[in-house]
Amino acid sequence: RLAQRLAVDLQQILGTGIEIVDVAIAGEGPTRITVACLAHGARHTIKSDGDSVIDATSGILTAAAELRLSTAFRELVG
């Protein structure tokens with residue numbers, strides 16, 4: 001259920017043109033979240049580790065915003 005909610009939040013951050021393929025959450029104390037996505041034909045993997053699910057989620061949301069920014073920059077520059 002958390003993975004589904006995280007996917008919805010990530011899709012809002014990533015916007016159109018970036019498709020989430022998979023969200024995996026591992027661990028109950030120290031946690032790793034891995035998100036696989038496609039951005040304009042290229043596969044990207046975003047990973048975040050944290051002492052808790054909240055820490056890992058924060059990291060994954062930040063990494064998703066960075067992916068969106070870098071993808072937009074590549075489109076602009078060509």
Side-chain angles (χ1 to χ4, degrees):
R1 192 171 161 181
L2 176 61
Q4 291 172 338
R5 179 62 199 166
L6 182 57
V8 169
D9 291 345
L10 286 170
Q11 196 60 63
Q12 291 175 351
I13 291 170
L14 295 172
T16 59
I18 301 175
E19 176 187 355
I20 296 171
V21 177
D22 186 43
V23 176
I25 301 173
E28 292 182 19
T31 303
R32 168 172 276 185
I33 299 175
T34 306
V35 177
C37 56
L38 296 173
H40 305 288
R43 184 177 175 94
H44 297 273
T45 302
I46 306 170
K47 294 181 181 179
S48 178
D49 295 313
D51 292 332
S52 67
V53 172
I54 293 170
D55 290 340
T57 299
S58 176
I60 210 77
L61 294 174
T62 299
E66 290 170 355
L67 174 62
R68 165 123 179 165
L69 181 62
S70 67
T71 300
F73 180 76
R74 276 186 244 130
E75 286 179 16
L76 184 65
V77 173

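No hydrogens, no waters, no symmetry mates; every other heavy atom, side chains included, goes into these values.
Of all non-hydrogen atoms in A3 and V23, the two that sit nearest each other are CB-CG1, 4.0 Å. Nearest approach of L67 to C37, heavy atoms of both residues: CD2-SG, 3.5 Å. Residues A64 and L14 approach most closely at O-CD2, 3.4 Å, considering heavy atoms.
Checked against side chain to side chain contact (heavy atoms under 4.5 Å, CB included), S48 has the following partners two or more places apart in sequence or in another chain: A56, I60.
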side-chain contact (heavy atoms from CB on, under 4.5 Å) assessment of T31 paired with D55: CA-CA 8 Å; T31 303; D55 290 340; over 6 Å; no
Show your working on side-chain contact (heavy atoms from CB on, under 4.5 Å) between L38 and I18 and close with a plain yes or no. CA-CA 6 Å; L38 296 173; I18 301 175; over 6 Å; no
Before you tell me yes or no, could you show the steps for T57 and L6 under side-chain contact (heavy atoms from CB on, under 4.5 Å), namely the whole-Å CA-CA distance, both residues' side-chain angles and the distance that decides it to 0.1 Å? CA-CA 8 Å; T57 299; L6 182 57; 3.9 Å; yes
Stepwise, does the side-chain contact (heavy atoms from CB on, under 4.5 Å) test hold for L10 with Q12? CA-CA 5 Å; L10 286 170; Q12 291 175 351; over 6 Å; no
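L2 and V21 are members of different hydrophobic clusters when ILVMFWY side chains are connected at heavy-atom separations under 4.5 Å.
Using a 4.5 Å heavy-atom cutoff, the side chains of T34 and I46 are not in contact. Here the side chains of L69 and E66 are not in contact, with every heavy-atom distance at 4.5 Å or above.
Judged purely by atom type and a 3.5 angstrom limit, T71 has no side-chain atom pairing as donor or acceptor with the backbone of R68. Checked by atom type and distance alone, the side chain of Q11 pairs as donor or acceptor with a backbone atom of G15 at under 3.5 Å.
Within a 6.0 Å radius of CG in D51, other residues, nucleotides and ligands contribute 12 heavy atoms or fewer.
H44 contributes atom NE2, which lies 12.5 Å from atom CD of E19 (distance to the nearest 0.5 angstrom). Between the CG atom in L61 and the CD1 atom in I13 there is a gap of 4.5 Å [rounded to 0.5 Å].
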